[in-house]
Participant: 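What follows is a structure written as structure tokens; I'll ask about it next.
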Amino acid sequence: MKLKNIKRYTELVFLSVIVFLSSCDYNTTNENGFLEGTISIGPICPVEKYPPDPKCQPTAETFKAYPVYVCTPDGSKKIMLINPAIDGTFKVELAPGLYLIVLDRQKTGAGGSNLPIEVLIKSLETTPIAINIDTGIR
């Protein structure tokens, strides 16, 4: 009789494990994607030269003065600030979905830019973007 109970208990545990594992979600479609690109800001000096004058290249402070944000699709909520490297390149991880990339003009007074831009982030994919900011210096 005890052997029969042990066998039933083992079967019950085995079935419980099968039910548990079958209810787990192994779907990877919710994995994040990436937004990758460059931010170019210029001109920094009134007269551009070739080769460029090192004093007229963007610095970390330049990028801080022209903040670029990832926002909700309607632009009502800032999700993150894009912090580029000194060469203007960046790569940020985002959940899949639609986003609006905006320049915070309240802080910059910039001459112009190609922002706002809508981007669609897909799971496990990299979305390229090039951001151009005109400082208005002439």
Side-chain angles (χ1 to χ4, degrees):
M1 189 73 155
K2 287 184 180 184
L3 184 58
K4 194 173 187 180
N5 287 339
I6 292 174
K7 185 176 179 185
R8 282 189 181 168
Y9 178 75
T10 304
E11 289 174 348
L12 182 61
V13 169
F14 180 75
L15 284 173
S16 297
V17 168
I18 295 296
V19 169
F20 174 77
L21 290 177
S22 67
S23 68
C24 290
D25 185 11
Y26 293 105
N27 189 354
T28 60
T29 59
N30 291 331
E31 291 190 33
N32 291 341
F34 299 93
L35 179 65
E36 180 177 48
T38 58
I39 298 175
S40 61
I41 300 175
I44 305 299
C45 294
V47 178
E48 297 259 337
K49 297 178 183 176
Y50 188 80
D53 183 346
K55 295 176 191 170
C56 295
Q57 296 300 305
T59 63
E61 288 75 31
T62 308
F63 290 109
K64 287 179 186 174
Y66 294 88
V68 175
Y69 288 94
V70 177
C71 297
T72 55
D74 63 0
S76 65
K77 181 180 176 190
K78 295 176 183 173
I79 296 171
M80 77 168 45
L81 173 67
I82 296 176
N83 290 310
I86 193 68
D87 65 353
T89 60
F90 66 89
K91 185 173 187 176
V92 295
E93 186 174 352
L94 295 165
L98 188 63
Y99 297 93
L100 190 65
I101 311 304
V102 300
L103 173 64
D104 190 348
R105 290 188 181 267
Q106 296 173 359
K107 296 184 180 179
T108 64
S113 73
N114 63 334
L115 298 177
I117 298 174
E118 267 189 359
V119 294
L120 178 63
I121 302 298
K122 295 182 181 179
S123 179
L124 301 174
E125 291 185 18
T126 298
T127 302
I129 186 173
I131 299 169
N132 301 306
I133 300 170
D134 182 348
T135 61
I137 297 173
R138 299 289 182 254

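On a predicted model such as this, the values are computed, not experimentally measured, just so you know.
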Participant: Provide the full list of disulfide (SG to SG under 2.5 Å) pairs with a residue in residues 64-94, sequence neighbours left out, each pair given once.
Facilitator: none
Participant: Mind checking the CD1-CG spacing from I82 to L35? Nearest 0.5 Å is all I need.
Facilitator: 5.5 Å
Participant: I39, I44: one ILVMFWY side-chain cluster at the under-4.5 Å cut-off?
Facilitator: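 Shared cluster, yes.
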Participant: What's the separation between atom CD1 in I133 and atom CD1 in I41, rounded to the nearest 0.5 Å?
Facilitator: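 Output value for this atom pair is 4.5 Å.
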Participant: Compare all side-chain heavy atoms of T127 with those of L120 and state whether any distance is below 4.5 angstrom.
Facilitator: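 Not in contact.
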Participant: Backbone N or O of V47 within a donor-acceptor pair of the D53 side chain at under 3.5 Å?
Facilitator: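 No; judged by distance alone, with no hydrogens or angles, the pair does not exist.
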Participant: For residues 85-99, tabulate all N or O donor-acceptor pairs below 3.5 Å that involve a side-chain atom, not counting sequence neighbours.
Facilitator:
from: D87; atom 1: OD1; to: T89; atom 2: N; distance (Å): 3.1
from: D87; atom 1: OD1; to: T89; atom 2: OG1; distance (Å): 2.7
from: E93; atom 1: OE2; to: N32; atom 2: ND2; distance (Å): 3.1
from: Y99; atom 1: OH; to: A95; atom 2: O; distance (Å): 2.7

Participant: So, T135 side chain and P43 main chain: donor-acceptor pair closer than 3.5 Å or not?
Facilitator: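 Checked: pair present.
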Participant: Which heavy atom in L103 sits nearest to a heavy atom in P67, and how many Å separate them?
Facilitator: CD1-O, 3.4 Å
Participant: So how far is it from K77 NZ to L100 CG, rounded to the nearest 0.5 Å?
Facilitator: 14.5 Å
Participant: Mind checking the CZ-CG spacing from F63 to L81? Nearest 0.5 Å is all I need.
Facilitator: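 Nearest 0.5 Å value for the CZ-CG distance: 12.0 Å.
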Participant: Starting from F34, can I reach Y69 by hopping between I/L/V/M/F/W/Y residues whose side chains sit under 4.5 Å apart?
Facilitator: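 In one cluster: no.
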Participant: Could I get the full list of side-chain contact (heavy atoms from CB on, under 4.5 Å) partners for S40, not counting sequence neighbours?
Facilitator: N132
Participant: Can you check whether V68 reaches V102 side chain to side chain, under 4.5 Å on heavy atoms?
Facilitator: no
Participant: What residues form a side-chain hydrogen bond (donor to acceptor under 3.5 Å, both in side chains) with E61, not counting sequence neighbours?
Facilitator: T59
